[in-house]
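Note that the coordinates shown come from a computational prediction; the quantities given were computed from them, not determined experimentally. Order of the sequence lines fixes the chain letters, A, B, ..., with proteins taken first and strands second; residue numbering starts at 1 for each chain.
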Amino acid sequence: MTIRNVLRDHGQRYRPRMACLKKAEKVVLEMQDPTTGVKLQPQRLVITTIPHAITGEDIVVWLADRFQIDAQEARSFGSMLVALGYIYPIQDHKRLVVKPDASLYRFQTPYFWPTQQWPVEDTDYAIYLAKRNIRKKGILELHEQEQYNHLHKWMNHKWDFIVMQAKEQYRAAKERKKPDRVVFDCQERAYWVVHRPPPGTVSAMDYGLERLIDPNAHEAKTPDDYERIMIFTQQSIMRPRVKSSVSIGALVKYCATYKGHDPFLSKCLPSNPWLTDDVTYWALNMPNVEIPTKMRVERWTFSFGELLSDPRGRDDFRLFLKKEFSGENLAFWEGCEDLKWGTAATMKEKAEQIYKTFLARGAPRWINIDGKTMEITVKGLKHPHRYVLDAAQTHIYMLMKKDSYGRYLKSPVFKETTKKAVCPEEHKFSDSQLEQNARNRRPSLSPIIIRQQEQEQKAKMAASAPVDITQVMSKLSQQGKEAPPRRTSVKND
Amino acid sequence: MAAEKAEMDALKKECDGLRAQIEAARKAVNDGSMSAAASGVASVGRVQLKLRKTLKGHLAKIYAMHWSADSRQMVSASQDGKLLIWDCFTGNKLVAVPLKSAWVMSVAFAPSGNLVASGGLDNICTVYNIKAASPKTLRELDAHTGYLSCCRFLSDTEILTASGDTTCCLWDLETGKQKVIFTNHIGDCMSLALSPDMNTFISGACDSLAKLWDLREGACKQTFSGHTSDINAISFFQSGNAIITGSDDCQCKMYDLRSDQEVICYQDASLNAGVTSLALSSSGRLIFAGYDDFNCHIWDSLKGEKVGVLSGHDNRVSCTGVPDDGMGVCTGSWDSFLKLWN
């Protein structure tokens, strides 16, 4: 009947909506079942009676019953089936929704289903519009008229064919019995309402941008392809796997641990800024606040990663390490992070600085890593790149995690911090106060200023480090105290 | 000719045999299900969130949004050719970045807050400096042969992109050149997510597979199958040991990385719309999934039940995001509005 354009396939086979359309089809077929489907009733049109119409109410009731959902959801589901073009409204045909009353609908014929293999062609649309124009001039809506003029312009070369087809279809239609003709007209009209919606309406056929590559087209074609697949698969098989009970258990535990810290599941103290428009929570939890909140301190106990990623936590940890004279580990770790994420221009300089401070023989803040790692690292530093310190950093991280972290949690420094930590009272705003809060909303401190403050703090700390062990020892001996036991091998000059 | 065919058949058979071995290895470690592990966990009950703010300002479909690391600013991209940077607390628009190409599909905020990146049908990832007096184009990363579907900053010097040409790519922003190209997918890559420790990332593609990649080695480490249609959205579980995917087959799935298998599937018979985007709450217990049916449904990640819905959009929910402090969730839609809920 119409020319099928194979080149512009619109990706019917791998079209984004196919999965949903197929599911919708299954539901529609169930709905049409003569015994268990939706109740059918005849539609009366002056003298003719057209069978197989359904009411909106029956649709909603059937869906609610079938899927055990409430009326509202059933109505949305029904409207989706109408929007996709599987059911069409007979009255008010331009609004593709299900009205839960006696409004009549009918099932669309499979020929017009959106899952069919042929794309929705402009040629067909032109024929349809021409046909309607022949039947009665001036019947086209404004947007349809515009489309018609547009198609006439760029399909001018085959306009004769289109008009001929339209006339032929019009003639054939006249020969049908009235009920059949009415039904077919409704079906065709519904089809085009779905696929050529008026401008400004939301169309369910709008699936966004098209996919570029057809994954089904890619098949292993040469022995090489198979070789590669096999190597990859073999590596996959050899990968160590953890027992699922263990790793799933860990996921469940994570959720449980953080439940109290999830603003969706637990109350935020003093109040959630989104809810009350009051920024106290954010002020209390600034990155470098003097006194942290109790919740924040609790997070530091969850994992070493949490402690390190929080600047305030890291400060506390740094203080503890200073007292233990193993601050060089953290300083080295921070240096590595700085190297990893900094600009390429500064990398060489930073690498040299790190080498001089932490790795060289007789370095003022020598870190204790095993011989092999030291060898790899020093060798790599000759041609520094972003990840040259990875091995050493991991080693130091694990050292801190397994050794210092545990002691930190039991230390007086941590106990002191925990004691001083604040637990703010919950806000109880009245309605007028909430309005006041909303009016007083101010923009936040610009991140660039926060970053500047952080840089200033870093510079201050860099100026005060490294710790000079001789000074500390002389101070202690003046106070008549014994020198503290050495935790790591610190070289004296 | 026949000998070649026989050789190919033999190779194919060997491949299938190996795949069966992977399945067997996965089955061997599968000694406990999520339903068993989560049976002792209390239910979260019905999660009813209220609409707190509607951000109006875009004139066309919103395709992407991304929160800033400070949890207050957010950038959104719309096909009206603009990126808008919002202060979500006051609701003010801070910066408007005009785009060279209006067909934008993805946007990202750098952790430092200095840069934003966007890209789309122009195949280019453009990075803008928004801290200058007026936004300036810093770099145009042009090497992909397909549309840019997703981009994420690692820092101010490196960015990851996923493209419709089936590859993902790590770029050096200082030189503007590609550092590593990750090839293994056979369908358009639709989304990517960085692991919390920044050593690995995951990507979801139209070949219905999710892949885990190592950033240093540049290779695919694990592949997860199970979906039957395009994977549109992907995210790491907070602990970094599991991933959640959302697909056009109307399902979301959680895969566990260490035991290398699918753990739970989030599906509902009455939900017949593809998943376009997803985000997790800060404990990982709630999954906010945006669907084609104009709603964002909330799932209990451990029990696999639907526990809530965010209705209010008049068109598809195209992007969802939860800020780092977990205070609420933002949904962006083709109806050109962004809504904040909690």
Show the nearest heavy-atom pair for residues [X] and [Y], with the distance to one decimal.
X       : Y       : value
L265(A) : S283(B) : CD1-OG, 3.8 Å
E174(B) : A345(A) : OE2-N, 4.3 Å
C20(A)  : C250(B) : SG-SG, 3.4 Å
D188(B) : I213(A) : OD1-N, 2.8 Å

- Student check: side-chain heavy atoms of V29(B) and V242(A) closer than 4.5 Å: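 A side-chain contact is absent here, since even the closest heavy-atom pair is not under 4.5 Å.
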- Task: Quick one: list whatever passes ring pair (Phe, Tyr, Trp, His ring centres under 6.0 Å) with Y281(A), sequence neighbours left out.
- Result: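 Here no residue qualifies.
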- Selection from L63(A), T233(A), D262(A) maximising heavy-atom pairs under 4.5 Å formed with chain B: D262(A)
- Closest-packed option against chain B by number of heavy-atom pairs under 4.5 Å, given K253(A), R239(A), E73(A): R239(A)
Return the [atom1] to [atom2] distance between [X] and [Y], rounded to the nearest 0.5 Å.
X       : Y       : atom1 : atom2 : value
K23(A)  : L271(B) : NZ    : CG    : 7.5 Å
L251(A) : L257(B) : CG    : CG    : 9.0 Å
L154(B) : R386(A) : CG    : CZ    : 9.5 Å

- Item | Check ion pair D248(B)-R211(A) (N to O, under 4.0 angstrom) |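 Result for this pair is yes, salt bridge flagged.
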- If we ignore angles and hydrogens, is there a donor and acceptor under 3.5 Å between the side chains of W341(A) and D156(B)? no
- Worked verdict on Y254(A) versus Q238(B) for side chain to side chain contact (heavy atoms under 4.5 Å, CB included): CA-CA 8 Å; Y254(A) 186 95; Q238(B) 262 61 3; 3.1 Å; yes
- Message: ring-ring contact (aromatic ring centres under 6.0 Å, His included) for W274(A) and F89(B)? Distances and angles first, verdict last.
- Response: CA-CA 7 Å; W274(A) 286 34; F89(B) 181 61; 9.4 Å; no
- Out of D260(B), D256(B), D31(B), which one pairs with R241(A) under the salt bridge (Lys or Arg N to Asp or Glu O under 4.0 Å) rule?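 Single pass found, and it is D260(B).
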